[in-house]
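Throughout, protein chains are lettered first and strands after them, A, B, ... in sequence-line order, and every chain is numbered starting at 1.
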Number of protein chains: 2
Amino acid sequence: MSDAGRGASSRRDPSGRRRAIVEAAAGLIAGEGVSGLTHRKVAAAADVPLGSTTYYFTDLADLVQAALEHIAALSRQGLDEMARDLRQATDLAAALAELTTAYLAAPQRHRTQDELYLAASHRPELRPAARLWFDGLTDLLAPRTGHATAQAIAAFIDGVLLHALIHDQPLDTATLTTALSALIGTGDHAPR
Amino acid sequence: MSDAGRGASSRRDPSGRRRAIVEAAAGLIAGEGVSGLTHRKVAAAADVPLGSTTYYFTDLADLVQAALEHIAALSRQGLDEMARDLRQATDLAAALAELTTAYLAAPQRHRTQDELYLAASHRPELRPAARLWFDGLTDLLAPRTGHATAQAIAAFIDGVLLHALIHDQPLDTATLTTALSALIGTGDHAPR
DNA sequence: TTTGTACATGTACAAACGTACACGAAAGGT
DNA sequence: ACCTTTCGTGTACGTTTGTACATGTACAAA
């Protein structure tokens with residue numbers, strides 16, 4: 001009854017251990033923000049001893065960076081799913097509106113993304129990770145709308161997600177569809 | 001040579017003192033984020049003794065709240081200027097694009113606003129202050145575009161400002177104008 | 001002048017923090 | 001069997017933190 005269940009990965013598993021810590025940190029960021037992160041809280045959440053967090057990461061800043069990059073990787077992953085859904089959609093505006101509404105239902109997701117945006121605005125080394133979502137979304141849309149329009153749409157969607165952070169009632173699908181089809185209408189529709 | 005220059009307001013000026021502290025805190029938030037705030041840093045920035053910050057504010061949370069509400073008040077003030085410029089504009093899209101570009105030049109402004117958004121998403125009591133900017137912008141546009149379109153435009157602008165936080169090259173005025181006029185085109189143009 | 005009240009501040013303290021590091025345990029080569 | 005290297009952890013230390021509070025100071029009323 002001494003070495004009871006350690007959370008994510010048992011001992012002697014370097015990479016798995018590291019990942020467990022990163023995931024716990026990411027979860028903690030979703031819950032109480034980057035500023036709430038401490039070595040001790042992360043260690044407790046990952047169910048590893050305090051020493052582990054300093055063993056795998058030179059710094060707390062290093063840990064935070066790893067956690068935020070993990071979050072960025074998750075958003076990239078969400079982007080891939082988005083790409084699949086969008087590829088077989090005839091009505092781009094409606095499909096995008098639908099997907100955005102789906103995203104609105106998961107506030108933690110864009111709260112952490114926003115946390116990443118803010119952290120990156122202070123620390124330039126985080127910018128590549130922070131750009132992953134926006135640029136990925138842009139690249140995904142650009143073939144069908146042209147680059148400039150794709151950027152505008154991405155900005156609009158990010159704005160909508162931001163809006164949802166502080167309003168009980170997010171923008172409804174109808175409004176989204178109207179706005180998105182208006183934006184899409186401006187595209188050249190033939191990239192080059 | 002004992003009581004040399006105190007920063008914002010000399011002693012025995014309760015409301016002025018409080019304001020000096022709040023302003024120093026707001027400046028500090030712009031510089032290093034809400035998480036960087038400590039009683040000591042604020043006191044040093046406002047050039048007041050440590051005791052003052054605990055005298056005027058029961059809590060550090062209380063101080064943060066006051067600072068964020070000050071920031072919200074500033075954004076409201078910027079909104080009033082915006083309203084003046086917009087009232088006498090014939091081409092709404094172009095005028096809005098121009099104003100947005102002007103805002104892009106002052107990153108600190110929307111960085112703090114974003115800081116407020118994020119803080120409000122964690123602490124509901126900050127939501128009214130956080131909504132000031134978005135809802136104010138919406139109310140400002142609604143008479144000319146209808147409510148739904150106004151919301152869409154506000155979301156778009158917030159998204160553009162967010163984008164600028166992590167990209168060296170913000171969206172250019174031409175792109176903004178195109179997108180904005182497309183969005184405006186969807187409005188009923190006669191609010192009931 | 002005395003007294004009362006609001007304003008103001010320096011200091012002190014317990015808690016929480018990041019981090020270093022000595023030490024132990026496991027694994028692999030010989 | 002032994003040794004070497006990597007992996008892992010508990011503990012301890014110096015700092016910074018939020019906050020309390022005893023003490024003082026200015027001003028108005030009496």
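- Nucleotide D:dT19 holds its P atom 13 Å from the CZ atom of B:Phe57, rounded to whole Å.
- For the pair A:Lys41 NZ and C:dA15 P, the computed distance is 17 Å after rounding to whole Å.
- Rounding to whole angstrom units, CG of residue B:Leu60 and C1' of D:dT19 are separated by 10 Å.
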What side-chain donor-acceptor pairs closer than 3.5 Å can you find for residues 61-77 of chain A, not counting sequence neighbours?
{"residue": "A:Asp62", "atom": "OD2", "partner": "A:Thr58", "partner atom": "N", "Å": "3.4"}
{"residue": "A:Gln65", "atom": "NE2", "partner": "A:Glu69", "partner atom": "OE2", "Å": "3.2"}
{"residue": "A:Ser75", "atom": "OG", "partner": "A:Ala72", "partner atom": "O", "Å": "2.8"}

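- Contact annotation: B:Ser52 reaches the phosphate of C:dT9 (side-chain N/O to OP1 or OP2, under 4.0 Å).
- Counting only distance, with no hydrogens or angles, the side chain of B:Thr186 and the backbone of B:Leu183 share a donor-acceptor pair below 3.5 Å.
- The distance between atom NE2 of A:His39 and atom P of D:dT9, rounded to the nearest whole Å, is 15 Å.
- Between B:Thr175 and B:Thr178, every side-chain heavy-atom pair lies at or beyond the 4.5 Å cut-off.
- In this structure, B:Tyr55 does not reach the C:dT9 phosphate: none of its side-chain N or O atoms is under 4.0 Å from OP1 or OP2.
- Each of A:Ala61 and B:Arg40 was assigned the nucleotide of DNA chain C with the nearest heavy atom; the assignment lying further toward the 5' end belongs to B:Arg40.
- Here D:dT16 sits opposite C:dA15 as a Watson-Crick or G-U wobble pair (both hydrogen-bonding atom distances under 3.5 Å).
- For the contact set between residues 24-38 of chain B and DNA chain C, defined by any heavy atom under 4.0 Å, there are no members.
- In this structure, CZ of A:Arg18 is placed 15 Å from C1' of D:dC7, rounded to the nearest angstrom.
- The closest side-chain heavy-atom distance from A:Leu96 to A:Ile157 is below 4.5 Å.
- Spacing between atom CG of B:Asp47 and atom P of C:dT9 amounts to 10 Å, rounded to whole angstrom units.
- Taking atom CD1 of A:Ile21 as the reference point, atom P of C:dG18 lies 14 Å away to the nearest angstrom.
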Validation: residues 86-95 of chain A side-chain donor-acceptor distances under 3.5 Å, sequence neighbours left out:
{"residue": "A:Asp91", "atom": "OD1", "partner": "A:Ala93", "partner atom": "N", "Å": "3.3"}
{"residue": "A:Asp91", "atom": "OD1", "partner": "A:Ala94", "partner atom": "N", "Å": "3.3"}

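- Aromatic pair B:His167/A:Phe134: centroids less than 6.0 angstrom apart.
- Of all heavy-atom pairs spanning A:Ala97 and A:Leu180, the tightest one is N-CD1, 3.5 Å.
- For the pair A:Tyr56 and A:Leu50, both in contact range of DNA chain D, the more 5′-proximal nearest nucleotide belongs to A:Tyr56.
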